[in-house]
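What follows is one structure encoded as structure tokens, with my remarks underneath.
Atoms considered below: every heavy atom in the structure, side chains included; atoms not considered: hydrogens, waters and symmetry mates. Letters A, B, ... mirror the listed sequences (proteins, then strands); counts begin at 1.
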2 protein chains.
Amino acid sequence: MSPESRREQLLELGTQLLSTRTLDEISIEVLAEEAGISRGLLYHYFGNKQDFHLAVVRRAVEQLVAITAPRDIEDPLEQLAVSIGAYLDYVVENYTGYVSLVRAAAGGNEELRAIYEEGRRALTDRIFEVTGPAGLDALGLSDSPTMRLLVNGWAAMLEVVIIDWVHDPRGIAREDLLGRLARALPGIVLA
Amino acid sequence: MSPESRREQLLELGTQLLSTRTLDEISIEVLAEEAGISRGLLYHYFGNKQDFHLAVVRRAVEQLVAITAPRDIEDPLEQLAVSIGAYLDYVVENYTGYVSLVRAAAGGNEELRAIYEEGRRALTDRIFEVTGPAGLDALGLSDSPTMRLLVNGWAAMLEVVIIDWVHDPRGIAREDLLGRLARALPGIVLA
DNA sequence: GCGCTTGTTGAACAACCGTCAATAGCGTTA
DNA sequence: TAACGCTATTGACGGTTGTTCAACAAGCGC
């Protein structure tokens with residue numbers, strides 16, 4: 001098998017296994033057996049277990065960022081809501097995998113978290129890039145350490161609320177939720 | 001040594017080690033050696049490594065909830081800020097251990113997360129208990145699934161922002177931060 | 001003293017990570 | 001076609017660590 005497809009196969013398999021186990025519960029042994037290869041071969045493609053974990057998470061984050069491409073809409077809040085909606089839809093369609101990814105990144109070591117936070121950063125940055133300067137002003141945003149702190153907190157809130165809501169969508173309709181989450185940003189930074 | 005004190009010794013030791021290592025980096029081997037006992041004895045007190053982890057986290061969460069007892073102040077927002085302040089102070093004084101705890105809980109298995117979320121639930125519930133019905137109304141709160149969803153998100157935001165701020169307090173003063181975090185709650189739920 | 005419970009140990013077993021020398025398949029070139 | 005090199009792949013070995021278990025010892029009631 002060609003190196004590329006083999007690498008891809010192993011990463012894909014790792015991502016799949018992530019749905020049922022924690023990241024470090026995926027033993028090289030089980031993975032190799034599941035893939036029909038020897039343990040040694042895994043060390044040929046990835047230096048060690050840690051590197052394999054990094055590769056799996058990196059791939060998943062890249063997919064997430066790639067799939068949730070933003071649209072361009074006039075009203076800043078509406079635009080924000082649509083972007084959040086795309087993100088939410090992705091979570092809906094990949095619930096178990098997404099949850100596993102978040103948990104793995106949150107509980108992992110520094111490198112793992114760095115990869116994940118970089119991805120989150122890319123998502124939030126993109127949301128604001130699409131929003132023009134005038135729109136940012138309308139949202140009460142400016143670039144300062146405090147704002148970055150609060151926006152980061154808002155993003156963390158997004159993740160938790162979205163996971164909770166996808167887990168049990170009763171209580172509030174999708175559109176209502178998106179509106180509330182979008183308006184929560186100025187609600188926080190202007191408070 | 002009496003069973004109680006031995007259990008306590010082991011849990012305390014586990015909590016201490018949590019400051020320098022990840023939860024599952026605490027090997028039974030090192031723990032036993034550090035405590036001056038054999039590995040086998042650990043299995044006499046705790047069924048397995050997993051159970052030991054659960055006990056350590058449970059104890060740490062209980063301490064956290066116990067230490068951050070609320071005071072009673074007239075103004076709801078002021079009261080909220082003070083409660084958050086007590087929480088923040090705890091994080092400042094136990095930074096590395098607290099971070100390890102949060103990460104371990106976030107990345108751990110279902111049981112671990114359940115324990116942690118129960119603790120967070122106790123913290124938020126307590127904040128609202130202390131606040132009277134009139135105060136809750138002033139904060140824009142009521143008891144509905146949507147509110148619980150958003151309040152949970154607000155709590156998640158608190159955790160992230162507080163960890164970030166303790167890690168690097170430049171950019172905003174403590175009192176300012178507490179005020180913003182408190183006002184963020186009505187900012188979110190009234191948005 | 002005798003049996004019973006229980007804290008405690010150390011050895012043995014099992015699972016798993018990581019290494020490495022060896023092999024086998026395959027394309028290239030003389 | 002045969003020799004050669006490259007590389008994907010293997011299988012065995014060593015070391016660490018979680019887990020089990022039979023045995024020991026120390027206290028305690030009878």
Side-chain angles (χ1 to χ4, degrees), chain A residues 1-59 100 103-105 107-112 115, chain B residues 1-59 100 103-105 107-112 115:
Chain A
M1 187 177 278
S2 81
E4 291 174 30
S5 55
R6 178 115 281 171
R7 241 186 103 90
E8 179 60 23
Q9 173 208 11
L10 295 175
L11 289 178
E12 174 61 28
L13 182 59
T15 305
Q16 284 177 9
L17 292 182
L18 205 58
S19 297
T20 54
R21 314 151 203 272
T22 303
L23 189 60
D24 52 22
E25 278 173 358
I26 300 176
S27 70
I28 298 285
E29 210 132 6
V30 168
L31 195 88
E33 187 181 355
E34 204 86 12
I37 63 172
S38 69
R39 286 184 295 269
L41 190 56
L42 251 144
Y43 289 89
H44 179 69
Y45 285 99
F46 308 94
N48 52 33
K49 198 183 181 185
Q50 179 59 219
D51 287 354
F52 178 69
H53 287 171
L54 292 178
V56 169
V57 170
R58 191 176 293 119
R59 180 171 170 276
S100 294
R103 304 246 152 93
N109 62 5
E110 216 149 326
E111 282 183 281
L112 253 167
I115 291 176
Chain B
M1 188 178 276
S2 80
E4 293 174 29
S5 55
R6 176 117 281 170
R7 242 186 101 92
E8 179 59 22
Q9 174 208 9
L10 295 175
L11 290 178
E12 173 61 27
L13 183 58
T15 306
Q16 284 179 11
L17 292 182
L18 206 57
S19 296
T20 54
R21 313 148 202 274
T22 305
L23 188 60
D24 51 22
E25 277 175 359
I26 299 176
S27 69
I28 298 284
E29 212 134 4
V30 169
L31 196 88
E33 188 182 355
E34 204 86 14
I37 61 173
S38 68
R39 284 181 296 247
L41 190 57
L42 251 145
Y43 289 88
H44 179 68
Y45 286 99
F46 308 94
N48 52 32
K49 196 184 181 184
Q50 179 60 219
D51 286 355
F52 179 69
H53 287 169
L54 292 178
V56 169
V57 170
R58 191 177 293 118
R59 181 170 170 280
S100 289
R103 305 240 213 271
N109 63 3
E110 214 149 329
E111 284 182 280
L112 252 167
I115 291 176

What are the two closest non-hydrogen atoms of Arg7(A) and Ala55(A), and how far apart are they? NH2-CB, 4.4 Å
When you measure from every atom of DNA chain D, which of residues 10-31 of chain B have a heavy atom less than 4.0 Å away? Ser27(B), Ile28(B), Glu29(B)
Looking at DNA chain D, which of residues 39-49 of chain A put a heavy atom within less than 4.0 Å of it? Gly40(A), Leu41(A), His44(A), Tyr45(A)
Is there a side-chain contact between Leu11(B) and Arg58(B), using heavy atoms and a 4.5 Å cut-off? no
Could you go through Gln16(B) and Glu34(B), starting from their C-alpha distance and side-chain angles, then the distance that decides it, and tell me whether this counts as side chain to side chain contact (heavy atoms under 4.5 Å, CB included)? CA-CA 11 Å; Gln16(B) 284 179 11; Glu34(B) 204 86 14; over 6 Å; no
Give the minimum heavy-atom separation between Thr22(A) and Gly107(B), together with the two atoms involved. CG2-O, 3.8 Å
Sidechain-backbone polar pair: His53(A) side chain, Leu23(A) backbone, donor-acceptor under 3.5 Å: yes
For a 4.0 angstrom threshold against heavy atoms of chain B, report the outermost contacting nucleotides of DNA chain D in 5' to 3' order. dT17(D) to dT20(D)
Step by step, would you call Leu17(B) with Val56(B) a side chain to side chain contact (heavy atoms under 4.5 Å, CB included)? CA-CA 11 Å; Leu17(B) 292 182; Val56(B) 169; over 6 Å; no
Could you go through residues 41-52 of chain A and list every donor-acceptor pair under 3.5 Å that involves a side-chain atom there, pairing it with any protein atom two or more places apart or in another chain?
from, atom 1, to, atom 2, distance (Å)
Asn48(A), OD1, Gln50(A), N, 3.2
Asn48(A), OD1, Asp51(A), N, 2.8
Lys49(A), NZ, Asp24(A), O, 3.3
Gln50(A), OE1, Asn109(A), ND2, 3.0

Is a side-chain N or O of Ser100(B) found less than 3.5 angstrom from the main chain of Leu18(B), in a donor-acceptor match? yes
Which residues pass the side-chain hydrogen bond (donor to acceptor under 3.5 Å, both in side chains) test with Arg59(A), not counting sequence neighbours? Glu8(A), Glu12(A), Thr15(A)
I'd like to check the salt bridge (charged side-chain N to carboxylate O under 4.0 Å, His left out) partners of Glu33(B); sequence neighbours left out, ordered by chain and number. none
